[in-house]
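Here the structure is laid out as structure tokens; the discussion comes afterwards.
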Amino acid sequence: MVIGALTVSANSPGAWAGAYRIRITLRAAPDDARFRIEVLDHDNNDAVVESFENLSMSSADHASSKA
């Protein structure tokens, strides 16, 4: 999955990855350059299995997802 300049992919091969979804939530202004990524288990009513808060696409930001 590609979101802007961000690419999301499974860490290992296999059909298991098809059971997961990614949800991106943008923060409200004035912090709208940051976002949250959640990994959802689609086979389990889209339960959140991982969450990464306050990420940024700016390499100058300490919360950069590019790190």
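Positions are given from 1 along the sequence. No hydrogens, no waters, no symmetry mates; every other heavy atom, side chains included, goes into these values. All figures in this text were calculated on a predicted structure; none of them were measured in a lab.
- When atom types are taken as modelled, the side chain of Asp41 and the backbone of Asp43 share a donor-acceptor pair closer than 3.5 angstrom.
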- Task: Report the C-alpha distance between Leu40 and Ile22 in whole Å, list the side-chain angles of each, state the deciding distance to 0.1 Å, and finish with yes or no for side-chain contact (heavy atoms from CB on, under 4.5 Å).
- Result: CA-CA 6 Å; Leu40 310 174; Ile22 301 296; over 6 Å; no

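- Between Arg34 atom CZ and Glu53 atom CD the span is 11.5 Å, to the nearest 0.5 Å.
- Follow the hydrophobic side-chain contacts under 4.5 Å out from Phe52 and you reach Tyr20 in the same cluster.
- Atom CD of Glu38 sits about 4.5 Å away from atom OG of Ser51, to the nearest 0.5 Å.
- Cluster membership for Val8 and Trp16, using ILVMFWY side-chain heavy atoms within less than 4.5 angstrom, is shared.
- No single ILVMFWY cluster, assembled from side-chain heavy atoms under 4.5 Å apart, contains both Val48 and Leu26.
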- Item | Evaluation steps, side-chain contact (heavy atoms from CB on, under 4.5 Å), between Leu55 and Leu6 | CA-CA 11 Å; Leu55 298 174; Leu6 178 66; over 6 Å; no

